[in-house]
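Below is one structure, written out as structure tokens; the observations come after it.
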Amino acid sequence: MPNEDYEALRKECEILRIKAKDSEKLRNQLQESEERHTRMLHNLPGMAYRCRIDSDLNYTLEFASRGSLELLGFTSHEMIRDNWNTIERMTDPSDLMRIRKHVKDHVMKHEPYGAMYRVTMSTGEKKWIWDQGEAVYNQKGVATHLDGIVMDVSAQKLKEMDLKEENDRLRASLNGQYRFGEMIGRSPAMQQVYKLVMKAAESDTNIIVYGETGTGKDLVARTVHELSSRKGQYVPVNCGAIPEQLLESEFFGHKRGAFSGANTDKQGLLAAADGGTLFLDELGELNLNLQVKLLRALESKQYTPVGETRPRHSDFRIIAATNRNLKEMVRKGEMRADFFYRIHVLPVTVPPLRERKEDIPLLMDHFLERFKKNNPKSGGRFAIPAAIRVALEEYDWPGNVRELQNVLDRYVAFGDINFTDIRVNEEKAIAQAAGELGEMGIVFQSGQTLKTAVEQLERRLIVKTLECCRWHKGEAADKLGLNIRTMQRKIRRYSI
């Protein structure tokens, strides 16, 4: 063999030996990379998997991580041993077609998929699992494999189902329910409020509560917060009670030295409501400048305290309340339209007391029972003569529930009601008083006023109670639910 040919052959052999070494090195690197990848998959929570996809979009399990044993009760070898999709065979039949369609639709769109469904383990136990992954495609864009991970979410799902069951139970109990949280009433108008409160509690949207002064807008807001999943504080603020120059500092807080009088750092309302609910009462009192800044905080969940440059985060939810017409304020330029639409997501209107008079007796009993609870020495349930009850039930209550409570508090404390202020349907109330007086042997004279009729009835009740108690004033006062001073004053007043 000529030397030239020998030398060429030698060089070719040398090149082949070098290429063989490089190929072996690449194979070793590839094997080491695959081992690291597999090790990582085996240590993931839940079970990692890979499925081969055939032309009919059927899936064959090719790999399952060791987490399959704890998750599904099968070893990784058992999962792939019979060359089928073991996960699908374990899937609840009522979920299977839904899951297959969900995965297929996302594979065709070249999108990741994620779904929750039930599986039956080898022991017969059912579990809820979360399955998420995506397809691997070849150069032609055809899906060849599915790579994904499966995790046990049974605890979360059971908690969700328990919450849904509780909500369903609450909804079922709403019809005819006379009390919901601290709200009282079984009128159709209040039933509608209860349903909206339940709906609001299930979502995390902003809520606006409309209603006249004294209707109980704060109770609605507080009930929504307590029924919601928010764990933070309920932070109420009366927007009309904060001086305009302090509004920004109150809401966003301030840094020491930010302005005259800022002697210490102060946490604002947004920070206090982080993870909870910020209740803005009298929303219509906010000026346009603060509306802009609140809108920005609502959208970004960030705010900057006065005197600082670094923004802070607060995950707060707003429930606002007002007795003003916000749409009219927007039209007049007194409220920003973008702020209005950000707040006005779910409106709840609390009806005035005059539109739900059937709830007045329930409210009266509630307030009187609360007085009895707070004053255990008052004896039995505080008694209000029927004629007075009729008068109170017929009154329109322009101050709504708050006014009713104040009148009853006065009656409990002083034993009388200012009938000059309580203008009612006197004919009905007087007829009621006349009936009760007649039953007691008292002759009702034509032309008597409601006040006179009620006084006659009250005098007779006191006399009969004193007779039953052998004229023991303290015992009689307890039976009537009066304190001893009120009892003595009435005895002097009626010359008993």
Side-chain angles (χ1 to χ4, degrees), residues 163-203 205-228 277 279 281-283 319-328 343-370 384 386 388-408 422-425 427-429 431-432:
L163 184 60
K164 184 178 183 301
E165 183 180 341
E166 174 69 8
N167 286 342
D168 290 342
R169 184 185 64 78
L170 286 172
R171 279 199 191 91
S173 67
L174 285 182
N175 292 331
Q177 183 75 17
Y178 78 92
R179 184 167 185 162
F180 191 64
E182 291 297 316
M183 295 181 288
I184 304 291
R186 55 172 164 233
S187 61
M190 287 305 294
Q191 296 299 311
Q192 182 61 25
V193 171
Y194 297 164
K195 290 176 182 177
L196 288 173
V197 167
M198 283 294 300
K199 185 176 180 180
E202 291 173 356
S203 69
T205 58
N206 296 322
I207 300 163
I208 179 74
V209 185
Y210 291 104
E212 296 178 3
T213 299
T215 51
K217 298 186 289 294
D218 174 68
L219 289 181
V220 171
R222 190 180 298 275
T223 303
V224 170
H225 172 75
E226 291 174 352
L227 292 177
S228 72
T277 300
F279 174 57
D281 199 7
E282 304 298 341
L283 179 73
I319 301 180
T322 184
N323 58 5
R324 300 178 66 179
N325 187 332
L326 298 187
K327 290 184 178 180
E328 183 66 17
I343 293 292
H344 195 276
V345 179
L346 180 59
V348 178
T349 300
V350 186
L353 198 50
R354 63 181 174 276
E355 293 181 7
R356 55 182 187 107
K357 287 192 173 183
E358 59 264 56
D359 294 334
I360 293 177
L362 296 173
L363 290 164
M364 292 172 61
D365 290 342
H366 167 70
F367 292 133
L368 294 174
E369 286 292 339
R370 188 170 66 182
I384 296 182
I388 295 180
R389 292 184 70 96
V390 171
L392 298 180
E393 290 168 21
E394 288 296 309
Y395 183 49
D396 278 342
W397 298 106
N400 294 293
V401 179
R402 185 180 295 131
E403 183 186 5
L404 172 62
Q405 182 177 359
N406 289 342
V407 167
L408 291 175
I422 308 295
R423 293 180 175 84
V424 298
N425 182 345
E427 290 184 3
K428 185 173 181 181
Q432 180 73 32

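Predicted model only: the values in this text are computed from it and were never measured. Numbers for residues simply follow the sequence, beginning at 1.
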Do other residues, nucleotides or ligands put more than 12 heavy atoms under 6.0 Å from Lys357 NZ?
yes
Can you measure from [atom1] ([X]) to [atom2] ([Y]) and round to the nearest 0.5 angstrom?
{"X": "Lys217", "Y": "Thr349", "atom1": "NZ", "atom2": "OG1", "answer": "11.0 Å"}
{"X": "Leu363", "Y": "Asn400", "atom1": "CG", "atom2": "CG", "answer": "10.5 Å"}
{"X": "Glu403", "Y": "Asp396", "atom1": "CD", "atom2": "CG", "answer": "10.0 Å"}
{"X": "Phe367", "Y": "Asn406", "atom1": "CZ", "atom2": "CG", "answer": "9.0 Å"}
{"X": "Leu326", "Y": "Ile343", "atom1": "CG", "atom2": "CD1", "answer": "9.5 Å"}

Does Arg356 have any side-chain hydrogen bond (donor to acceptor under 3.5 Å, both in side chains) partners at least two apart in sequence or in another chain, and if so, which?
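side-chain hydrogen bond (donor to acceptor under 3.5 Å, both in side chains) list for Arg356, sorted by chain: Asp359.
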Sorted by chain and number, sequence neighbours left out, side-chain hydrogen bond (donor to acceptor under 3.5 Å, both in side chains) with Asp218 holds for Tyr234
Quick one: list whatever passes salt bridge (charged side-chain N to carboxylate O under 4.0 Å, His left out) with Arg402, sequence neighbours left out.
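Arg402: no salt bridge (charged side-chain N to carboxylate O under 4.0 Å, His left out) contacts found.
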Any side-chain heavy atom of Glu355 within less than 4.5 Å of one from Pro188?
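Glu355 does not reach Pro188 side chain to side chain.
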For residues Tyr210 and His344, determine if any side-chain heavy atom of one lies less than 4.5 Å from a side-chain heavy atom of the other.
yes
If you take all heavy atoms of Met190 and Met183, which pair is closest and at what distance?
CE-CB, 4.3 Å
